[in-house]
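As the structure is a computational prediction, the values presented were derived from the model and not from experiment. So you know, we letter chains A, B, ... as the sequences are listed, proteins then strands, and number each from 1.
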Amino acid sequence: MARLEPANVEIAHEIISRYPRPKSALIPLLHLAQEQDGWVSDEAMVHIAELVGCTPAEVIGTCSFYEMFKREPVGRYLVNVCTNIACQLLGAEDLLHHAERTLGVRAGTTTPDGLFTVEDVECIAACTEAPCLTVNYRYFYKVGPSDFDAIIADLRAGRRPTRCAAEPGEDGEIPAHGTLHRVRQSIPGDRRAGNADPDTAGEPAWLGAGGAS
Amino acid sequence: MTEETVVAAGPPPIVRIVTQRFDHPDSHTLDRYVATGGYEALRKALAGSPGAVVDEVKSSNLLGRGGAGFPAGTKWGFTPPGVWPRYLVVNGDESEPGTYKDRQLMERDPHQLIEGCLLACYAAGLSQCFLYVRGEMALAQERVAKALNEAYAAGFVGRNILGSSFSVDIVLHWGAGAYIVGEETALIESLEGNRGMPRLKPPFFPAAIGLYGKPTIVNNVETLSNLPWIVANGADAYKQYGSETSPGTRMFALSGHVKRPGVYEVQHGVTTFRDLLYSPQFCGGIRDDNRLKMFIPGGGSAPWFFEEQLDLPLEARPVGAAGSMLGSGAIVVMDHTTDAVKACLRVVRFYARESCGKCTPCREGTNWLETILQRIVDGHGRPSDLDKLLDIGDNISPGPYPAASWTDGGLDAVPFPPRQTTICPLGPSSVAPVVSALRRFRPEFEAKITKRSVNIPLHVEREGTRV
């Protein structure tokens, strides 16, 4: 668990280059560190500070504010059960208790085999499909106790859960914790418009032709 | 059209503008987008002047969909003249309890959002765009990233777009789980790599001093997603839908105790809550034909509405005058089996957890509200607790708090928005459920205090042991 690996440093530099000020890349780089190790280590934060040119204290300041960043190892699968109002109305608390009982852990802790961490989370924007949960931020809708058991059994067996979320075109793959989106934005060099530097950038060229001021 | 005739005639016809491609399984791809008229609005805009786009949007009177409901075209005009560069920050971090629409728009039609961003940048002279997607929305990030890569390759985004002098980069940025970042100045702080704590405003709003201290337009995902249609079809076509003051359509996510929960795009300003909750083409009524107890009309921050407010149109002004807001288009419906005290606690707990800690009344107050409500639910409530709840609320949000009228109870509506002792509206939002529930269901609270029924979690009871 350590600093960013060379391949990730390369990605980090590319991400930093998209912002007029390097510190703006802090949250994406913390995600990158979490993608590499599954959590964000102190060494990674020191490295990120070097990359964006701020102090490690500033990095931990930002990192500790956001709940998706885990500063200690969590399970391979982060099971986030929503208990906010819309889900609560349709039985989310029972679902959370079921999850805790089945996995034998309290919300906020990890199973001894390091596979599952259960969390009691706030609204995850699937309110019309309540009660819902995410596993490593992949959605499962209208989850009852037996659905939950099936999802866990599939994950334990290393299978893609057969009961996957209903978003059209989703493939049902659940990457290990830390990997958020599996597609990165990449801007081809010849297509880049370039950053708008807050200190030097002037009036955009297309306004010069007339029109809005 | 008066309210009565709308009710008598049933809900106004369904018009789909931003959700028009949702039925296609490949609605998120460039091929489908272009095949259904995508990026035509951009071509049309580039053939004319930026000012023409501004005029079109201003004339459409498109209202911001983020909660404040400010006209989008007017907001663009607030940037100070001659100060460069200007930025566009897309607020895709909406985390209001009950809100679902922005995730759908990003997952199912990312190109529509991208085209909307381009139109806004072209019109208002914004030199760089940051598309901030909520951290938990992995699929939305994937779809937007893929769409951006496609759009760059096809020449719709980046340098010299479609061979013109218009050049702008759209940078995908993603958050890491903090509700408060949905507030526009907190969003900017977060985008600068800091803790997402709101900035003091007024006097300076982001349009004057925003990202990196430069003029910044912050627009909601749904607002921007409306632009391609408006530019392609014209403001007059847009204004034939909805009401005069709230034209076009709006997305509402209906959840809770209804027969058919879902995200519905309806005509803005003319459709009523009753239409949404009871009409067969929308929710089709309360589950098991139960009685409606209350509903949250605009996300967790909105004061609750009851049966008396069902015939209000979905329009900012009348809803505000009646004591609540449409907010982020999230309606949570609760039937008569709902425990008002527990529901109130659950919403308050959200704000207590999500308070960023910058302002004392919110940081301390939300936690006190939660602690007191929890002890009432647990059967340890004290007779003085109810007044204490209102008193704490008064410290966060002084004066009469917005609430719905209740003719049987002899209470008149107090209009929204509330006053606040905090920088942002998160603190006052935690007061909304407390005042709403206490005004209407005080006997329920009192019963919990006097009867002392102990709240034992289900799992403890089942196992017969105390954990």
Side-chain angles (χ1 to χ4, degrees), chain A residues 18 20-21 23-28 30-31 61-62 65-69 84-86 88-89 94 97 100-101 122-128 130 134 137-138 167-170 180-188 191-196 198 201-207 209-213, chain B residues 25 28 49-51 54 81 84-85 95 97-100 103 107 123 125 127-128 135-136 138-139 141-142 145-146 148-149 152 158-159 165-169 171-172 175-178 191-196 212-214 253 255-257 261-263 300 332 334 343 346-347 350 353 458-459:
Chain A
R18 286 179 207 150
R21 300 255 167 95
K23 200 186 171 193
S24 283
L26 232 173
I27 291 175
L30 286 165
H31 276 299
T62 298
F65 187 83
Y66 299 91
E67 65 187 37
M68 285 174 74
F69 295 132
N84 206 305
I85 184 77
Q88 183 207 34
L89 291 172
D94 288 345
H97 293 321
E100 288 179 329
R101 265 162 43 113
E122 299 297 348
C123 188
I124 50 179
C127 314
T128 64
T134 58
Y137 305 103
R138 307 281 150 174
E167 285 307 323
E170 221 180 336
L180 262 182
H181 45 271
R182 294 159 299 171
V183 182
R184 282 186 214 285
Q185 181 182 14
S186 68
I187 307 178
R191 291 289 316 137
R192 278 218 61 174
N195 292 331
E203 184 175 358
W206 67 91
L207 290 188
S213 58
Chain B
H28 56 281
S49 72
V54 175
W84 309 102
S95 321
T99 311
Y100 185 12
R103 180 164 78 88
E107 285 178 355
S127 304
Q128 195 168 1
E136 288 94 335
L139 183 66
Q141 292 159 23
E142 247 168 46
K146 196 152 175 281
L148 280 171
N149 291 348
Y152 264 101
R159 185 189 297 173
S165 61
F166 176 45
S167 300
V168 70
D169 274 336
V171 177
L172 171 63
L191 187 51
E192 290 184 2
N194 302 325
R195 297 167 80 85
Y212 312 126
K214 293 293 175 179
S255 55
H257 296 149
V263 180
V332 184
M334 297 175 248
R346 190 57 195 83
V347 182
F350 171 75
R353 277 187 174 191
L458 287 172
H459 64 301

Checking [X] against chain B: side chain, backbone, both or neither under 4.5 Å from a heavy atom?
X: A/E122; answer: both
X: A/A130; answer: neither
X: A/T134; answer: neither
X: A/P188; answer: side chain

Below 4.5 Å from any heavy atom of chain A, which atoms of [X] appear? Answer side chain, backbone, both or neither.
X: B/E107; result: side chain
X: B/L172; result: both
X: B/R103; result: side chain

- Taking side chain as C-beta onward, heavy atoms only, is B/P85 less than 4.5 Å from B/Q128? no

- Is there a side-chain contact between A/F69 and A/I27 (heavy atoms, below 4.5 Å)? yes

- Query: Pick from A/R182, A/R184, A/H181: which one makes a side-chain hydrogen bond (donor to acceptor under 3.5 Å, both in side chains) with B/E142?
  - Reply: A/R182

Looking only at heavy atoms and a cut-off of under 4.5 Å, which of [options] has the most pairs with chain A?
options: B/E192, B/M334, B/K214, B/H28; value: B/E192
options: B/N194, B/V332, B/V347, B/L148; value: B/N194
options: B/A178, B/G135, B/A253; value: B/G135
options: B/S95, B/P25, B/P97; value: B/P97

- Message: Please give me the minimum heavy-atom distance between B/P50 and A/L207, naming the atom from each residue.
- Response: CG-CD2, 3.7 Å

- Note on the structure: If you tally heavy-atom pairs under 4.5 Å between each of A/L180, A/L26, A/L30 and chain B, the highest tally belongs to A/L180

- Most heavy-atom pairs under 4.5 angstrom with chain B, which of A/C123, A/P198, A/A201? A/P198

- Rounded distance [0.5 Å steps], CD in A/Q88 versus CD1 in A/I85: 5.0 Å

- One should read off an interatomic distance between A/W206 CH2 and B/S49 OG, to the nearest 0.5 angstrom, of 14.0 Å

- Using the test side-chain contact (heavy atoms from CB on, under 4.5 Å), find all partners of A/E67 that sit at least two apart in sequence or belong to another chain. B/E136, B/E354

- Message: For A/R18, give me all partners under side-chain contact (heavy atoms from CB on, under 4.5 Å), at least two apart in sequence or on another chain.
- Response: A/E14, A/I15, A/Q185, A/I187, A/R192, B/V171

- Message: Is it the case that over 12 heavy atoms from other parts of the model lie below 6.0 angstrom from the NZ atom of B/K146?
- Response: no

